[in-house]
Amino acid sequence: MSTPFLVGLVGARGHTGRELMRLIAEHPELMLAYAVSREFAGRSVSDIAPEDKDECVFEALEPEEAARRRADVVILAAPDGAAAPYVEAIEATAPQRIIVDLSADYRFDDKWAYGLPELNRAKIRGATRIANPGCYATAMQLALAPLVSHFGGAPSVFGVSGYSGAGTKPSPRNDIERLKDNLMPYAMTGHKHEREAARHLGKAVNFTPHVHPAFSGLIVTAHIPLTEKMSKSDLAKLYEEKYSKEPLIALRNEPPELKDGSGRKGVLIGGFAVSENERHAVVIAAEDNLLKGAAVQAVQNINLALGLKEMTGLVN
Ligand SMILES: NC(=O)C1=CN([C@@H]2O[C@H](COP(=O)(O)OP(=O)(O)OC[C@H]3O[C@@H](n4cnc5c(N)ncnc54)[C@H](OP(=O)(O)O)[C@@H]3O)[C@@H](O)[C@H]2O)C=CC1
Ligand SMILES: CC(=O)N[C@@H](CCC(=O)OP(=O)(O)O)C(=O)O
């Protein structure tokens, strides 16, 4: 048994932190070094994550304290706007330490590797600064990437996510009473994932998210105007060519449903359709916002950064 790589986790109490602790416990080469939570400080991690074998206790570590702790990797799973003090403390104390940030804070910073392995693998390999993509942005880019050179205009993407996407801090988007038998549109234009996907695809995208009463699961339906006619079989062939060797991307003809994404480690892409005049395509992608939309993708990125096989700890 090789010496495990030590992983520090900030934001361990949250929805993505919970999934990350589960994946770290299952990973043969990773060991949880510390779990930061101000609210749960003093409680055993195993109270929340019974699979934790590393006998960690939640700690309210300030950035400087966290940076002084031994770790090969630090995962930041705190809300947008919270990462910088931890990044600065690690830069000052142990700059070679790998940081994977799950927030949107560094996704527009070219000094950080954008952590979408299926589209950016070479840049993630050996990186020490990795910005993990957003959940909708992951599904949107994987649904659109094979067609990007055929865009006859900005695609329109309709997204739906379970309410865990809104985090644990109470908000209308995770108010289960308000969401009961409901579907809530928000950020009609200019959502951060619309900007994120446009930046990394290099093409404009129109996106409107909605939140759904399910806890997790995410689906995007993309409408793409085409520069030239394309048959349904040619459309499906583009996805087969791009993704057939990707272990975390499954393809199918029938349209994925939101439930197909919930609990899935990867992304299911399908429902390939073209309009009667063959100048307009529709593609659907389903994932779990907490898994491929966050924690699974973070582990893929950690594996690549550490020089491990990308699917280490992810194949059950
Ligand atoms: N939920 C999802 O589907 C996805 C979320 N993300 C992103 O991942 C990050 C975490 O999301 P999620 O797990 O849902 O969030 P949660 O709100 O569930 O958890 C975030 C945790 O961070 C801690 N925290 C809050 N503020 C700070 C701070 N200033 N410094 C350190 N820790 C802090 C809190 O724990 P405590 O107060 O106990 O310290 C809290 O539990 C966010 O940036 C989110 O945007 C990305 C992809 C998908
Ligand atoms: C339902 C819901 O609120 N979802 C969140 C997306 C979660 C996420 O991926 O956030 P980051 O991009 O900040 O990492 C949102 O739309 O803001």
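Just so you know, ligand 1 is whichever comes first in the structure, and atom 1 is the first atom listed for that ligand. We use all heavy atoms of the structure for the numbers below, so side chains are in, but hydrogens, waters and symmetry mates are not.
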Nearest non-hydrogen atom to [atom] belongs to which of [options]?
{"atom": "atom 12 (P) of ligand 1", "options": "V10, T16, N174", "answer": "T16"}
{"atom": "atom 3 (O) of ligand 2", "options": "R173, H191, R107, H15", "answer": "R173"}
{"atom": "atom 22 (O) of ligand 1", "options": "P79, S37, A66, G14", "answer": "P79"}
{"atom": "atom 27 (C) of ligand 1", "options": "R38, R18, K292", "answer": "R38"}
{"atom": "atom 32 (N) of ligand 1", "options": "G165, G81, A78", "answer": "A78"}
{"atom": "atom 7 (C) of ligand 1", "options": "D288, L102, L20, L218", "answer": "L102"}

Any idea which protein heavy atom is nearest [atom], and the distance to it?
{"atom": "atom 4 (N) of ligand 2", "value": "G165 O, 3.2 Å"}
{"atom": "atom 12 (O) of ligand 2", "value": "H193 NE2, 2.4 Å"}
{"atom": "atom 16 (P) of ligand 1", "value": "T168 OG1, 3.4 Å"}

So for ligand 2, is [X] a polar contact partner (N or O within less than 3.5 Å, distance only)?
{"X": "L102", "answer": "yes"}
{"X": "K192", "answer": "yes"}
{"X": "C135", "answer": "yes"}
{"X": "Y186", "answer": "yes"}
{"X": "Y163", "answer": "no"}
{"X": "S103", "answer": "no"}
{"X": "G134", "answer": "no"}
{"X": "D80", "answer": "yes"}

Under 3.5 Å, is there a donor-acceptor pair linking the side chains of [X] and [Y]?
{"X": "D47", "Y": "S44", "value": "no"}
{"X": "N132", "Y": "D101", "value": "no"}
{"X": "N289", "Y": "S164", "value": "yes"}

Within-shell test, P209 vs ligand 2, heavy atom, strictly < 4.0 Å | no

Please state whether E196 comes within less than 4.0 angstrom of ligand 2, counting heavy atoms only.
->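 For ligand 2, residue contact (heavy atoms, under 4.0 Å) with E196 is absent.
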
Atom indices of ligand 1, in the order listed, that fall short of 4.0 Å to a heavy atom of [X]:
{"X": "E39", "result": "36 (P), 38 (O)"}
{"X": "L290", "result": "1 (N), 2 (C), 3 (O)"}
{"X": "D80", "result": "43 (O), 45 (O)"}
{"X": "S103", "result": "43 (O)"}
{"X": "A294", "result": "47 (C), 48 (C)"}
{"X": "G293", "result": "47 (C), 48 (C)"}

Can you label the angle between the H200 ring and the Y114 ring as parallel, tilted or perpendicular, going by 30° and 60°?
->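 Aromatic pair H200/Y114 classed parallel.
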
Assess whether side chain to side chain donor-acceptor pair (under 3.5 Å) is satisfied between S216 and S262, documenting all intermediate values.
-> CA-CA 6 Å; S216 71; S262 184; 3.2 Å; yes

List the atom of Y34, the atom of R70, and the distance in Å for their closest heavy-atom pair.
-> CE2-O, 4.4 Å

With a 4.0 Å cut-off on heavy atoms, is F58 touching ligand 1?
->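 Contact check F58 vs ligand 1: negative.
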
How does S164 reach ligand 1, by side chain, by backbone, by both or by neither, if only non-hydrogen atoms under 4.0 Å count?
-> backbone

Using a strict 4.0 Å cut-off to heavy atoms of Y136, name the atoms of ligand 2 that fall inside it.
->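 Numbered from 1, ligand 2 contributes 16 (O).
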
Would you please indicate yes or no on a ring centroid separation below 6.0 angstrom for F215 and H15?
->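 Yes, close enough.
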
H210 and F158: CA distance, side-chain angles, deciding distance, ring pair (Phe, Tyr, Trp, His ring centres under 6.0 Å) verdict = CA-CA 8 Å; H210 303 68; F158 181 101; 3.8 Å; yes

May I ask you to decide whether R279 forms a salt bridge with E228, counting only side-chain N to carboxylate O separations under 4.0 Å?
-> no

